Amino acid sequence: MSDHEIKDDLPSNFIRSIIDRNLNENLYQNKKWIGSPGGASHHANAPLDSAKIRTRFPPEPNGYLHIGHAKSIFLNFGLARDYKGACHLRFDDTNPEKEDEEYVRSIIDNVQWLGFDWKFKDEDNLYYASSYFSFMHEAALSLIQSGDAYVDQQTADEIRENRGTLTAAGKNSPYRQQTVDENLTLFAAMKSGKQPDGAMVLRAKIDMASPNINMRDPAIYRIKHAEHHRTGNDWCIYPMYTFAHPIEDALEGITHSICTLEFEDQRPFYDWLLTKLKNNGLLTDPLPKQHEFARLNLTYVVLSKRRLIELVTNQHVSGWDDPRMPTLVGAKRRGYTPAGFKLFTDRIGVSKADSWIDYVTLEDAMREVLNTSCDRRVAVLDPIKLVISNYAEDQVEDCFAPNHPQDESRGKRVIKLTRELWIERQDFMIEPEKKYFRLYPGNQVRLRYGYVVNCTGYDVDKKGQVTTVYCEYLPDTKSGSAGADSVKVKGNIHWVSCKHAVEAKVNLYDRLFKVEHPGANSESYLDDINESSLTSITVQLEENLVNIKPMDQFQFERHGYFICDPDSSSKNIIMNRTVTLRDNWK
RNA sequence: UGGGGAGUCGCCAAGCUGGUUAAGGCACAGGGUUUUGAUCCCUGCAUGCGAAGGUUCGAAUCCUUCCUCCCCAGCCA
C-alpha cells in the first residue's frame, strides 16, 4: 500500500488538517531535541528531532480516568502513532493539595490498558510538571526582569474586585508599578517561606482592560505551604496551570498541545507567555501551539470529577471500579475492552461542536468487538425445570456446541444432555402471545445442539407460577445427525443439564441514570439515579464454566456478553453482564 | 450588554481554497441467510446544510444581517 492509500484510510478531522498543513509548511524542519525536556540552552546543540510531531496526554493526578479521558488518550497517542511522532504521558502536578501518587499509578495502568506506551525510539517520555519547577521559577524571574510580571500584595478579594466584570474593564493594582528590584525582592520573600499562604501572588503584567478576562494580569505563582507528592517541601510557591502548562509543553518540544474547548480563552495567554520567554532567551522556535476540541458527553452518564466523587463517597456505587461507573477501572470490570473504546472513539470523531453521544453508540462498539472476540457458552439466568418424559432417568448424552458460530477453528465443546434440564422461564408460555415461537403446549422447539422436543404439559404452584414444563423428544432429530433437519422448527432454546449445571451469581447492570441528561430537568442529577441499575441473580451455567477465571469473557448465547468478576472464585463464581445482545423481540 | 467558540438527517460526523445525484457510522424501517428473535448480507432513510438576503453560469462552501446554544470574572485544572 502506498502512503497515499494509507492516508485515505485515516479519519478526517480538523486537527489532522492542521497537522497536515503544519507539516507541509515544514514548520518543524529545524526543530531540535536532545532527548529530554529543557529550555533553549538545553537543546542548543541538539540534533534535529526525529519525531515528526509531539503530542501529550497531561492528566492531573487527582482522580481516576474516565471514558472522556479515553477519547483524549486515543486522540493524542493515536495522532503520534499515525504521524510517526511521540506522545508524552505527563502528570500535571502543580497543585500539591489535591494530588496523590495513588492516582499516578492508576493513570499509568489505564493508559497501558488502552494499549499505549510513551516510548519513542530510546526515549521514555513519562514526565512530571513538578520536574520543571526550577525552570518555571527562572521563567518567572525572567518575566519580572523584563517588566512582564509583578508581585501583587492585594488580598484575593481585592484582586477579584479589581478584575472588573465581563462588560467592564478592571482596575490596575496599586502594586503594578513596583520596580523590577522591588518585585524581585518580594518574589524572593514569597519563596523564602516566611510569607503565609495568600499574602501575595505573582501576576503577569498584561492589560487590565482586556476584553478577555484571562489577559487581565493573570496570577501565575501562588504561595502554598504544602508538601508535594514528588518534590516534598522543596517549594512553598507553586505555578498556576495557566503559567505552567505552556512551559511544560515547550520544554518537552510538544508541537500540538491538544486540550478541551474551555481553554480557548487561554490560548492568547499561552502564546503571550511563550513569546515572552522566547524573547527573553529561555525558549526557541518552533513554539508549541494549543488546539481545542469538544470534550465527550455521553447520554445517561455523568463525567464530571465532582459528581463521580460524590457517587462514590455517598455510596451510590460500590467504589471507583463499580461496573456502573464510567471510570476506566469501572469499564474494565464491566467487560468493556480497549478495542471497543478504539472503535467507539473512531466512530464519534473529533470536532469543536458541543455534542452528546448516544450511549448506544458505546454499547454497540463493545458488542461489535466482543462478538468476534468472545467464545460462546450457555447460561440459564431465570431457570425453570424442563422434563423430557421419554428420556431415560440415568441417560447422559454428549452434545457438541461450536465455540464460535462464525469461526470453526475455535473448535467445539461437549455439553451433557439429561432428562431434567434448566431452561429460561421466558422460553415457555402457557398461552403464547402473537408471533411467539418458543415453547408452549403443543409446540415444538429445538433444544439447541440437541433434539427437537414437543411440549406436552406443565405444572404450576399455588401462585400460578410455572414450576416444571414437560416435553417429549424426537429421537431422530439430534443436531449434527442425518435426521437433524427432518423436522423444521422456528424456535431454538438453550438449556443446561440439572445434574451438571454450575451455580453462579450474575450481576445484571443497567444504566446508572434514568434520563439522557442527568440533572438537566431536576433539582440534582442525584434525583435521576436509576434505582434498579443493578440486579443480582443466581443462575445455572453450563458445566464447562467450572474453571472460569477472573476477567474471562464469554457470550452467553441469546443473552449477551459477560465477564468474570475479579472477586470471583471457583467456589463462588461471579459474572458481570457487559452488554446485552440486540433483541428485536418484545 | 464584553470576549471567545459552535450550529450539515433522531445522535455523531465528512465536506467548507465554490462546480456532477450532500460521504460514513449509530439509531430506525423493510427484506434475505441463520440450530443465538444474535451475527452477516441487501434496501430505504437531508431537493436539504440555524434563518433571511446577496454575489455567481453555479454556494453547505464567498459576503451581509439576524437567531440559537456553549465557555470565560479560582491565589483550580
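Atom set for the values below is all heavy atoms of this structure, side chains included, hydrogens, waters and symmetry mates excluded. By convention in this document, chain letters (A, B, ...) are assigned in the order of the sequence lines, proteins followed by strands, and residues within each chain are numbered from 1. Because the structure is predicted, anything quoted here is derived from the model rather than measured.
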Would you say the base of B:rG3 and the side-chain of A:D265 have a donor-acceptor pair closer than 3.5 Å?
yes
Assign A:G63 to base, sugar-phosphate, or nothing according to its heavy-atom contacts below 4.0 angstrom with the strands shown.
nothing
Please determine whether a side-chain nitrogen or oxygen atom of A:R160 lies at a distance below 4.0 Å from atom OP1 or OP2 of B:rG74.
yes
Quick check on RNA chain B: between A:L166 and A:D92, whose nearest nucleotide comes earlier from the 5' end?
A:L166
Flag this pair as yes if the NZ/CZ of A:R90 is under 6.0 angstrom from the six-membered ring centre of A:Y127 and inside a 45 degree cone about the axis; otherwise no.
no
On the nucleotide B:rC76, are OP1 or OP2 found under 4.0 Å from the side-chain N or O atoms that A:K224 carries?
yes
For B:rG37, does OP1 or OP2 lie under 4.0 Å from any side-chain N or O of A:R558?
yes
Separation of the C1' atoms in B:rG10 and B:rA52, to the nearest angstrom:
26 Å
Quick one: A:W235 CH2 to B:rC75 C1', roughly how many Å, whole number?
18 Å
Closer than 4.0 Å, any side-chain N/O of A:T242 to the OP1 or OP2 of B:rA77?
no
Short side-chain N/O contact from A:T361 to OP1 or OP2 of B:rC12, under 4.0 Å:
no
Short side-chain N/O contact to B:rA27 OP1/OP2 from A:R347, under 4.0 Å:
no
For a quick test of reading the model: is some side-chain N or O of A:R163 closer than 4.0 Å to OP1 or OP2 of B:rG74?
yes
Using the closest heavy atom to pick a nucleotide of RNA chain B for each, name whichever of A:A168 or A:M200 lands nearer the 5' end.
A:A168
Scan A:Q266 against the nucleic acid and name what it touches under 4.0 Å (heavy atoms): base, sugar-phosphate only, or nothing.
base
May I ask you to evaluate whether A:R222 reaches the phosphate of B:rG74, defined as a side-chain N or O under 4.0 Å from OP1 or OP2?
no
Would you sketch RNA chain B in dot-bracket for me? Only Watson-Crick or G-U wobble pairs with both distances under 3.5 Å count, crossing pairs as [ ], other-strand pairs as |, the rest as dots.
.(((((((.[[[..)...(....]]].(((((.......))))).....[[[[[..)....]]]]])))))).....
Expressed as a whole number of angstroms, how long is the span from A:R438:CZ to B:rA38:P?
11 Å
Look at the side-chain N and O atoms of A:T94 and state whether any lies under 4.0 Å from the OP1 or OP2 oxygen of B:rA77.
yes
With A:N62, which of A:E99, A:E97, A:K305 fulfils side-chain hydrogen bond (donor to acceptor under 3.5 Å, both in side chains)?
A:K305
Using the C1' atom as the reference point in each nucleotide, state the distance between B:rC16 and B:rA60 in Å, no decimals.
7 Å
Any salt bridge linking A:R230 with A:E101? Criterion: basic side-chain nitrogen under 4.0 Å from a carboxylate oxygen.
no
Residue-phosphate contact under 4.0 Å: A:N13 side-chain N/O, B:rA13 OP1/OP2:
no
Would you classify A:P58 as touching base, sugar-phosphate or nothing, given that sugar-phosphate means primed atoms plus P, OP1 and OP2, and contacts are heavy atoms under 4.0 Å?
nothing
Have a look at A:K435 and say if it touches a base, only the backbone sugar-phosphate, or nothing, with a 4.0 Å heavy-atom cut-off.
base
